[in-house]
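Letters A, B, ... are given to chains in the order of the sequence lines, protein chains preceding strands, and every chain is numbered from 1. Source: prediction; values computed, not measured.
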Amino acid sequence: MQSRIWIEGAATREVQHMSFELMKSLRAGLIGGVVFAASSFAVLAQETLKIGGLGPLSGGGTSWGLAAQRGMDLAINDLNAAGGITAGGKTYKLELVFYDDLYSAQGGKAAAERLVHQDKIKYIVGPVGSPPALAAISVTNPAKVIALTNGYAPGVLKNDTPDPYNFRLYNTNLEFGPPIIKWIRESLKDIKKIGLLAPNDAVGQAVAKPLAEDYKKEGFEVILDFFERGTKEFTPLILRMMAQKVDAFEFDGNSPGDAGLMLKQIRQAGFRGKVFQVGGPAVDEIIEIAGPASEGFMTYDFVDWDMPKAKLLREAYQAKYGKGIISPFMPAFYHGVYLMAEAIKRADSIETDKVRSALENIDGFDIGIYGPVKWIGKETYGVNRQLMMQYFFSEVKGGKIVKIKKFTP
Amino acid sequence: MTTPLLKIEQLSKRFGGLQAVADLSYEVAEREILGIIGPNGAGKTTAVNLVSGVIEPSSGRVFLDGRDVTGQKPHVLVESGLVRTFQATTVFAGSTVRENLRRGAFRLLYPGFLATLFDTPKAREARARTVAHVDEVMHWLGLERFADHVASSLPYGIQKVLGMGIGLAARPRIILLDEPVAGLSAEETDHVRDTIRLVRERGIAVVVIDHNMRFITDLCDRVLVMAQGRELAQGAPRDVLANTAVIEAYLGKRYAKAQR
Amino acid sequence: MLEFLSRLEILLNPTVLGQVIVNGISLSAIYILVALGFTLLFGIMRVVNFAHGEFAMLGAFAFYHLTKDLNWPWMIALPAGVIGVAAASLVLEWLVFRWFYQRMFESMIGLLGLNMMLIYGGVLLWDTHERNIPAASQEVLMVGDIIIPIDRLIVVVIALAALSAFYLFIRHTRAGLAMRAAAQDVETAETQGVDTRYIYKVAFFVAILLAALAGSLWGQIYAVSPHLGERPLMMAFIVVILGGMGSIPGAALGGALLGFTESIVGTAFGAAASAFLSFGVVIVLLVFRPWGILGTPEN
Amino acid sequence: MTQATRITWGVLAAVVLVVWPWLTDDRFLHHVGVLIMLTAIGASSLHLIIRTGHVSLCHAAFMAFGAYGSVLTVMSLGLPFPIGLLVGTGAAALLAATIGPIVLRLTGKYFVLITFLFGEVVRMAIVENVALTGGSNGIFNVPPPHPIFLDTRAYYYLALAFAVFAVGLCARILGSEFGRAMNAIRDGERLAECSGVPVIRFKVIVFIIACALAGMQGSLMAHYNKVLSPENFSGIISLNLVVMNVIGGMSSLWGALIGAVFMVMLPELLRGYVNIQHIIFGAILFATMAFMPGGIIEAARRVKALLSAKPDASAPPLARAGAAE
């Protein structure tokens, strides 16, 4: 049973910060009562440009939403520290307004309605998942609001909207799947049969079937099994696959926590073959859960923490939010804010029509996290609104993630 | 001889291994008061439940006015003129006396779902009739002065009378009373007894269950004595009281011997 | 039908069968632990504890912090954490639970509120990502072709030990006897001189103890997060209904049934089938025998 | 209240409901208005079931039947929205007629449980049936009932009309002799049956009507959101509807309506307190059930009783102070 009980919910970042501070102090000392602190309002000399953010802040997807919110928050701090952004002769300080999308269509719509129509926000990064993304763009597009969404469902880009204002923030498995699978076929030659385990939630269902098709196209035999989300005991499913003599397991579409558990249980069940995931890049969390069982695990990955800006970002994150695991949504949403800011600067205007065309022509933009990025997607979705950046196939060696193959767009 | 109003034939009920009621047979004529008496656990309440359709008998037959009504649901039996009261939950505790009786008069009141939804003339007419009928029942049972009192606030004895009133509001031909005087004072018991006599005067037959010997013998035309689910004796109160088996069941074997 | 039989064939493989059984036992043991406390609270206080899973969560976090931050060996950390959580929870008994004794409906909704408070309090305190309690042992035991992770084996042994201790407690101690009397009929127990307020506290302590232990073991073999309690709660609820609400042997039987169903059906037919089947069976059972397999009907 | 003041209040309420969207151009407020109207349909229809003494935890499953029935009729068969709405409502009613006679024999916690499980089974069936329902990702690009309803203000009036119909129907049923029988069933099922009320049949009728209204709400919600996915019909949504009734007060239809307004507005009022918001909400649930199980309605009644119990001004000040305690 999920414990979300809202028809809709909302958040602003101040309180998230506050609660985070609270968390730290609680962790440090005795558990006291809940302390309410009024957030102080800075006196603003410049004009303010609000940037909207959407992601789940309650329920099972909370860690994704928090990562998105923190990434955006760090980006806005960095941009403001650098003097804000200048467009049309005015300098704007950025301000984040982040709402909970509940990871559902209804929540996504409600949150988007509020951002667009009450807060009059023109630039949104998010939502994180397909159902809220699909609902949110039905609000943002008619209002000519630019939205950089996530959400793997092709419909986020491929739909009947005549004049869309939404883009997708990073690669989906339609982009990175085929090249990596081709590489697997060429490099890991003794793998013939692959067992694919995915949850029957929105992510799993959107990801697993196309992925299975991609594997089949490369000549692999695939066994696909969906499980009810919330399952923690995967051993029966693993045994079933092992009895069918799979050579490798594939985890894409699972939350990192579940993937870590599966990895642990696969090794405990005595499976010695390869385990990998073409997608779902949160390797740190998988290693945390699976422990020593994660050795040799291979994964898709799109953040190169060795890049100069990425290193700084990681330090800034740890200084502010502690040394916990960093979800890849954090740099992705950080990057999204920068993308939006760059487009506004280049358009030299805050009119969304102009910003949209500037954004469309942003190919080659590089802030030092991903290397240069570009828009693709004409063949797949009919529009060039799918961001494409470098990505990797990595392997866990000695508890560390080691890149074994780099793919550049 | 006319057909009896209520006729029970060889009624039996088993709960798992327990024989709650076995081969029970009796008849009730129009305007008759039949008492069913027996020690605790004799199966008296089960006997009422079986007849009123609250539980289904394992075997045996129930005839109402010559018609086989075995196993019919309580609300169907109400349509045929058989109502009952309960030992514990006799009234709708949170409602007024008037409301209690109006609920009891459901059979007269309810004109069908659509009719009540649209408040058709038929529905209005039914309502007017019920209001009059409820007033009449209150008058008859002496409940008028409590009309707007909440049932749970009334003295226990009045609640028992109200419980009967709920049954009588449905205009029955026979009413089954399950321990109507349990827990009442002697004075209240007499009041209930008089009320039951009033009911009979209205032409309604009564089956009354109790273990209060004095109350039953005072009131009833005939008495049926039960023990361990079976009939022990049946007949006029005086004859039954003289029956050795009954004395044994009630007062113990030793007492019966001493009397002999 | 052929498809059906061919799927069952998997179970004939001795390696698979052995593992299915080991899994069935460990799943059953955890379900029983959670369900026992749940059914105890219901049986004695008529409280439907929808916050039960969160005590498992608290137990898991206590175990996590003691092993990971304080580096206590798990053999000390486990009992210390579990008893600590159960003792600390007596505050909640005083603040929250006592208002709901003998008020079934109110307890359902009110404790759902407590459930939310605990989960989101946990999110504030611990963030949402999942954590891992280091395995007690990485080794596996080979019995013929059957592979048994030692980690799992330890969990099974602890769970069985706790269940036996619980059995002895309920059968052979004065408090246990009083609890059984109270579970049958509170009013009668009271007239017989049972101090119900005391019994409620003991029952609450024991129930939370079992939940916290189940949570710790759950966290040990799976993972720890503020949302940990949701699944155990649902399972406990189903187990208890299956076995009969308030019935202790019923909880044991229900837990074993559900654990083995999940293991066997999950292996032969996949997870979705296993979920549909357990729900379907419980629905059918509710229709025909709402008081559960070993419960008694209420009037 | 006299007949005249009652009518005055009614007219005033009607005017406010119709006019307020024109007092603001904030589309978000209009959106909240739509949500309140649609939620009121669900809450008041569930209230009907609760009034027969059954707390159903699968109301969202019937909303799902309404939503998918309607959307599939419109999108796959190409039929107009009114037919979709009818099909959706009918599908929900049919489902209720099928399971009602079975589940309504159970009472109390058993009913709560079986409906919870049933709701889960429906949700799982939607998730598994990817070909028909789009699985977890659901169906998107759902067309509005008519292009003019792309405007939120227009949709508000559509939702208002249906809400008035649904709430009016519920109020009418509760106020009729049928409602009297429902109260009798709730207060004493066996006694009601022995007074001639066909208990099961009446419960099934109530269940069918309530679930059909839930289906109607589901259909309207889907065509408003333009996206539908199983998340919108999970047990949490059903639970929300129960909570609305509980917080508002289960003794009267007003409770359901107040609860609906409260539950839609509360997150807005607490905006910004994301996780703390859930904690506060949990605390409200706990406090309501522990100390005020009659909900807001009962609280209001008590306050009113307290006010009317105020002694008249001629009483000595000390006595007045005492009475206010």
Next on the checklist: For F202(D) together with F106(B), are the ring centres under 6.0 Å from each other?
Outcome noted: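 So the answer is yes for these two rings.
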Distance-only donor-acceptor pairs under 3.5 Å across chain B and chain D:
residue : atom : partner : partner atom : Å
H75(B)  : N    : E193(D) : O            : 3.4
H75(B)  : ND1  : E193(D) : OE2          : 3.4
E99(B)  : OE1  : R180(D) : NE           : 3.3
E99(B)  : OE1  : R180(D) : NH2          : 3.0
E99(B)  : OE2  : R180(D) : NE           : 3.0
R103(B) : NH1  : D187(D) : OD2          : 2.8
R103(B) : NH2  : D187(D) : OD2          : 3.4
T116(B) : O    : R172(D) : NH2          : 3.0
T116(B) : OG1  : E177(D) : N            : 3.1
L117(B) : O    : R172(D) : NE           : 2.7

Checklist entry - Atom CZ in F178(D), atom CG in L114(B): separation rounded to 0.5 Å? => result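 These two atoms lie 10.5 Å from each other.
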Checklist entry - Roughly how far, to the nearest 0.5 Å, is SG of C194(D) from CG of L77(B)? => result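 Spacing of CG (L77(B)) from SG (C194(D)) equals 8.5 Å.
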Next on the checklist: Can you tell me which of L82(B), V76(B), L109(B) forms the most heavy-atom pairs within a distance under 4.5 Å of chain D?
Outcome noted: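 If we count pairs closer than 4.5 Å to chain D, L109(B) comes out on top.
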Next on the checklist: Show me the pairs that pass salt bridge (charged side-chain N to carboxylate O under 4.0 Å, His left out) and involve residues 37-47 of chain D, at least two apart or across chains.
Outcome noted: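 Residue pairs passing salt bridge (charged side-chain N to carboxylate O under 4.0 Å, His left out), neighbours aside: none found.
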Next on the checklist: Looking at F291(D), I want to see if its CZ is surrounded by more than 12 non-hydrogen atoms of other residues, nucleotides or ligands under 6.0 Å.
Outcome noted: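 Atom CZ in F291(D) is crowded, with more than 12 foreign heavy atoms closer than 6.0 Å.
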Item to check | Under 4.5 Å from any heavy atom of chain B - which part of I209(D) | outcome: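 Contact with chain B involves the side chain of I209(D) alone.
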Item to check | Heavy-atom contact with chain D under 4.5 Å, split by part of V54(B) | outcome: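 When you check distances to chain D, only side chain atoms of V54(B) fall under 4.5 Å.
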Item to check | side-chain contact (heavy atoms from CB on, under 4.5 Å) between L169(D) and L117(B), intermediate numbers included | outcome: CA-CA 9 Å; L169(D) 181 64; L117(B) 199 62; 4.1 Å; yes
Item to check | Over all atoms of both residues, closest heavy-atom pair of F92(B) and G188(D) | outcome: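 Answer, listing the atom of F92(B) first, then G188(D): CE2-O, 3.8 Å.
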